Amino acid sequence: MAGIRPRRACTDRVWQGMQLLIVKTSSLGDVVHNLPVVADMLAQSPGTEIDWVVEEDFADIPAMHPRVRRVIPVGMRRWRRRLMAPATWRDIARFRRDLQTKTYDIVLDSQGLLKSALLARLARGPTRGPGRTTARESLAACFYDQAFHVARGRHAVERNRDLAAQALGYPLPQSPPDYGIRPPEITSPFSVPGKSIVGLHATSRASKRWPDAQWIELGNKLAGRGMPLLLPWGSPDEQRHAQKLAQQLANAVVLPRLGLRELAALMGRAPAVVGVDTGLVHLSAALERPTVAIFTDTSPTLTGVVAARPERVRNVGDSRQIPNAESVWQALTELKVV
């Protein structure tokens with residue numbers, strides 16, 4: 001069983017031009033929160049080549065980073081739905097061959113789940129990850145060659161950076177996080193009104209939703225400034241919710257269904273993004289767009305939006321403290337959007 005190693009001395013300068021594999025598969029927000037470790041690693045060793053294993057639905061995120069050499073998509077979510085199908089096992093075999101085409105100096109699992117630890121063990125190279133007391137699933141630590149204590153009670157971005165620093169033997173950076181991504185340069189399939197604000201209203205948990213009445217009040221305030229509210233969606237339920245909001249607003253536009261790259265390109269061009277606690281709002285902050293994140297059931301202390309330029313983001317609300325439209329409007333004012 002892997003033991004928890006103490007932090008290596010800051011003077012322990014290791015590895016030049018190493019081959020490194022990151023395993024961070026999901027969810028969207030978790031993948032975004034792990035992006036700054038790439039810049040941290042490269043600051044220590046510019047010649048390092050970094051590959052990344054990620055769920056196929058989120059593969060576009062590390063692919064936006066110019067210094068991630070190879071993105072290796074994995075379809076575990078899809079495989080679970082059809083585990084007994086021959087096509088699934090052929091797909092698993094293809095993934096394993098792709099994963100094992102090279103040997104890595106370090107395989108870093110920053111997910112800390114049993115499934116991600118098993119993926120890390122499939123790769124060729126020594127594995128490192130969080131220890132039993134800090135992994136999201138303690139059993140995962142049994143599969144690492146080295147495991148490290150990463151203190152809880154801190155933001156996910158800081159914990160990811162701390163784990164990488166310990167695993168690779170450099171001091172925890174004190175600089176703001178550098179996500180390293182830029183909006184994809186793709187042609188929009190539709191015309192986007194100028195001065196549009198993107199409203200990320202959809203979330204997988206009902207408790208994270210912002211009340212419709214608050215969205216409507218905010219939309220009316222934006223309409224008074226001639227600023228359309230763009231409503232994206234990703235499922236039929238989310239589309240119906242967007243249509244319901246749009247029916248009560250003169251300035252709302254229900255977008256066609258967009259893929260992750262298209263949404264990133266849209267948010268990257270928007271004057272600002274307002275959204276509930278969902279992976280897309282964290283992506284907006286990573287893209288350095290003015291972002292207001294709305295919290296109703298989770299704490300921004302641990303999962304709030306964090307940007308390389310803190311003056312470009314605001315977190316409003318808290319667990320069981322639903323913010324009103326006026327507080328969101330004030331945040332947009334502070335960001336000099338309205």
Side-chain angles (χ1 to χ4, degrees), residues 24-35 38 52 54-68 70-75 77-78 179-204 208-210 215 219 222 227-246 249 251-294 305 307-308 312-313 337:
K24 188 75 163 186
T25 59
S26 61
S27 59
L28 175 56
D30 290 341
V31 174
V32 170
H33 287 159
N34 203 56
L35 286 167
V38 175
W52 192 315
V54 62
E55 266 289 342
E56 55 195 6
D57 289 345
F58 310 123
D60 286 335
I61 300 302
M64 291 181 201
H65 201 301
R67 295 302 305 273
V68 174
R70 184 170 66 127
V71 175
I72 307 173
V74 62
R77 293 181 173 185
R78 176 169 51 83
Y179 293 88
I181 59 174
R182 297 293 177 267
E185 295 183 2
I186 58 178
T187 302
S188 174
F190 56 91
S191 177
V192 178
K195 298 176 63 178
S196 300
I197 303 299
V198 177
L200 303 174
H201 60 98
T203 176
S204 59
K208 289 186 176 183
R209 288 176 63 170
W210 200 36
W215 276 114
L222 292 171
M227 305 179 78
L229 180 64
L230 305 184
L231 300 173
W233 54 275
S235 71
D237 284 345
E238 293 173 3
Q239 182 184 25
R240 285 189 288 270
H241 185 237
Q243 291 169 339
K244 178 183 176 182
L245 292 174
L249 290 168
N251 65 323
V253 178
V254 179
L255 299 174
R257 185 169 185 169
L258 302 176
L260 193 50
R261 279 176 53 81
E262 293 170 317
L263 273 170
L266 171 68
M267 292 191 296
R269 298 193 304 270
V273 175
V274 175
V276 294
D277 180 19
T278 182
L280 289 173
V281 80
H282 295 282
L283 177 58
S284 172
L287 291 168
E288 298 188 1
R289 302 313 302 150
T291 302
V292 179
I294 300 169
V305 291
R312 296 180 71 85
V313 300
V337 175

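All of these numbers come straight from a predicted model, not from anything done at the bench.
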Can you measure from [atom1] ([X]) to [atom2] ([Y]) and round to the nearest 0.5 angstrom?
{"X": "His33", "Y": "Leu28", "atom1": "NE2", "atom2": "CG", "answer": "9.5 Å"}
{"X": "Glu288", "Y": "Ile181", "atom1": "CD", "atom2": "CD1", "answer": "9.0 Å"}
{"X": "His201", "Y": "Leu280", "atom1": "NE2", "atom2": "CG", "answer": "10.5 Å"}
{"X": "Leu266", "Y": "Leu255", "atom1": "CG", "atom2": "CG", "answer": "6.0 Å"}
{"X": "Trp215", "Y": "Ile294", "atom1": "CH2", "atom2": "CD1", "answer": "4.5 Å"}
{"X": "Ser27", "Y": "Arg77", "atom1": "OG", "atom2": "CZ", "answer": "7.0 Å"}

Practice task
Applying side chain to side chain contact (heavy atoms under 4.5 Å, CB included), run through Asp277 and His282 and close with a yes or a no.
Solution key: CA-CA 8 Å; Asp277 180 19; His282 295 282; 3.3 Å; yes
Does [Y] offer a backbone N or O that forms a donor-acceptor pair with the side chain of [X] under 3.5 Å?
{"X": "Trp52", "Y": "Lys24", "result": "yes"}
{"X": "Asn251", "Y": "Gly219", "result": "yes"}
{"X": "Arg289", "Y": "Ala270", "result": "yes"}
{"X": "Arg257", "Y": "Gly234", "result": "yes"}

Handout entry: Crowding at NZ, Lys208 (>12 non-hydrogen neighbours, <6.0 Å)
Key =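 Enclosed.
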Distance-minimising heavy-atom pair for [X] and [Y]:
{"X": "Ala307", "Y": "Tyr179", "value": "CA-CE1, 4.2 Å"}
{"X": "Pro290", "Y": "Val337", "value": "CB-CG2, 4.0 Å"}
{"X": "Ile197", "Y": "Pro271", "value": "CD1-CB, 4.4 Å"}
{"X": "Leu231", "Y": "Ala242", "value": "CD1-O, 3.5 Å"}
{"X": "Thr291", "Y": "Ala285", "value": "OG1-N, 3.6 Å"}
{"X": "Leu287", "Y": "Arg182", "value": "CD2-C, 3.7 Å"}

Practice task
Kindly write out the residues that satisfy salt bridge (charged side-chain N to carboxylate O under 4.0 Å, His left out) with Arg67, not counting sequence neighbours, or none if the list is empty.
Solution key: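 Per chain and number, Arg67 pairs via salt bridge (charged side-chain N to carboxylate O under 4.0 Å, His left out) with no residue.
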Are any non-hydrogen side-chain atoms of [X] and [Y] less than 4.5 angstrom apart?
{"X": "Val31", "Y": "Val54", "result": "yes"}
{"X": "Pro184", "Y": "Met64", "result": "yes"}
{"X": "Val276", "Y": "Val281", "result": "no"}
{"X": "Leu200", "Y": "Pro232", "result": "yes"}

Practice task
Check the pair Leu263 / Leu283 against side chain to side chain contact (heavy atoms under 4.5 Å, CB included), numbers first and verdict last.
Solution key: CA-CA 10 Å; Leu263 273 170; Leu283 177 58; 6.0 Å; no
Handout entry: Listed once per pair and sorted, the salt bridge (charged side-chain N to carboxylate O under 4.0 Å, His left out) pairs that draw on residues 265-275, sequence neighbours left out
Key =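 As it turns out, there is no salt bridge (charged side-chain N to carboxylate O under 4.0 Å, His left out) pair with a partner in residues 265-275 once direct neighbours are skipped.
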